[in-house]
Amino acid sequence: MRMNYFVVGTNDMNASIEFYDALFERSGLNRISPSDRMTYWLGEDFAFAAALPFDGRQATNGNGTMVGFSVGTAEAVRQFHERAIELGGTCEGTPGQRGPRFSAYVRDLDGNKLCFSD
């Protein structure tokens, strides 16, 4: 079994697109927007999306909910963390060794928690 896709909620699709386009700019992912309420970044065996909630209520993030991205190397972890902060994200854990993985944590513009690991 493998993860099919992950979706984070947003309250501002344009800001979310700008943030994730810039964050993923060197990742080789393709952005598609099948509707005004959902945008995907797709790669081979990879799908991540930002969505305006279907029920029309405000998007919120869950305490303990986190999206993990395997970015390959410790240097890539540092670069993704730095770039996310530059784009207006907030630090939730600086790059460092945590157990068997080198990782770093940020929150996006909507407060969704992201982890980058080697």
Under the ring pair (Phe, Tyr, Trp, His ring centres under 6.0 Å) rule, collect the residues that match up with Phe80, sequence neighbours excluded.
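For Phe80 the ring pair (Phe, Tyr, Trp, His ring centres under 6.0 Å) partners, ignoring immediate neighbours, are Phe116.
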Shortest non-hydrogen contact from [X] to [Y]?
X      : Y      : result
Pro53  : Arg37  : C-NH1, 3.9 Å
Cys115 : Tyr105 : SG-CE2, 3.4 Å
Leu109 : Gly89  : CD2-N, 4.2 Å

Partners passing side-chain contact (heavy atoms from CB on, under 4.5 Å) against [X] (at least two apart in sequence or in another chain):
X     : value
Gln79 : Glu75
Asn63 : none
Glu82 : Glu86

Measure the spacing between OG of Ser103 and CZ of Arg98 and express it to the nearest 0.5 Å.
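It comes to 4.5 Å.
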Check for a donor-acceptor pair, side chain of [X] on one end and backbone N or O of [Y] on the other, with a separation under 3.5 Å.
X      : Y      : answer
Asp110 : Asn112 : no
Glu18  : Tyr20  : no
Ser16  : Met13  : no

For the residue pair [X] and [Y], establish whether any side-chain heavy-atom pair is separated by less than 4.5 Å.
X      : Y     : value
Ile85  : Cys91 : yes
Lys113 : Val67 : no
Phe69  : Phe46 : yes

Cluster link Met66 to Phe102, ILVMFWY, side chain under 4.5 Å
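No.
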Check the angle between the aromatic planes of Phe48 and Phe6 and answer parallel, tilted or perpendicular using the 30° and 60° thresholds.
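Parallel.
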Chi angles and distances behind the side chain to side chain contact (heavy atoms under 4.5 Å, CB included) call for Ile17, Arg31
CA-CA 9 Å; Ile17 289 170; Arg31 175 172 43 96; 3.7 Å; yes
Applying the side chain to side chain contact (heavy atoms under 4.5 Å, CB included) criterion to Leu23, which one of Leu87, Val106, Leu29, Asp108 satisfies it?
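Only match with Leu23 under side chain to side chain contact (heavy atoms under 4.5 Å, CB included): Leu87.
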Val7: which other cluster members, linking ILVMFWY side chains closer than 4.5 Å, directly or transitively?
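Direct or chained contacts put Val7 with Tyr5, Ile32, Met38, Tyr40, Leu42.
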Carefully, step by step, assess Ser33 and Thr39 under the rule side-chain hydrogen bond (donor to acceptor under 3.5 Å, both in side chains).
CA-CA 4 Å; Ser33 298; Thr39 299; 3.2 Å; yes
Test salt bridge (Lys or Arg N to Asp or Glu O under 4.0 Å) applied to Arg26 - qualifying residues, sequence neighbours left out
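Arg26: no salt bridge (Lys or Arg N to Asp or Glu O under 4.0 Å) contacts found.
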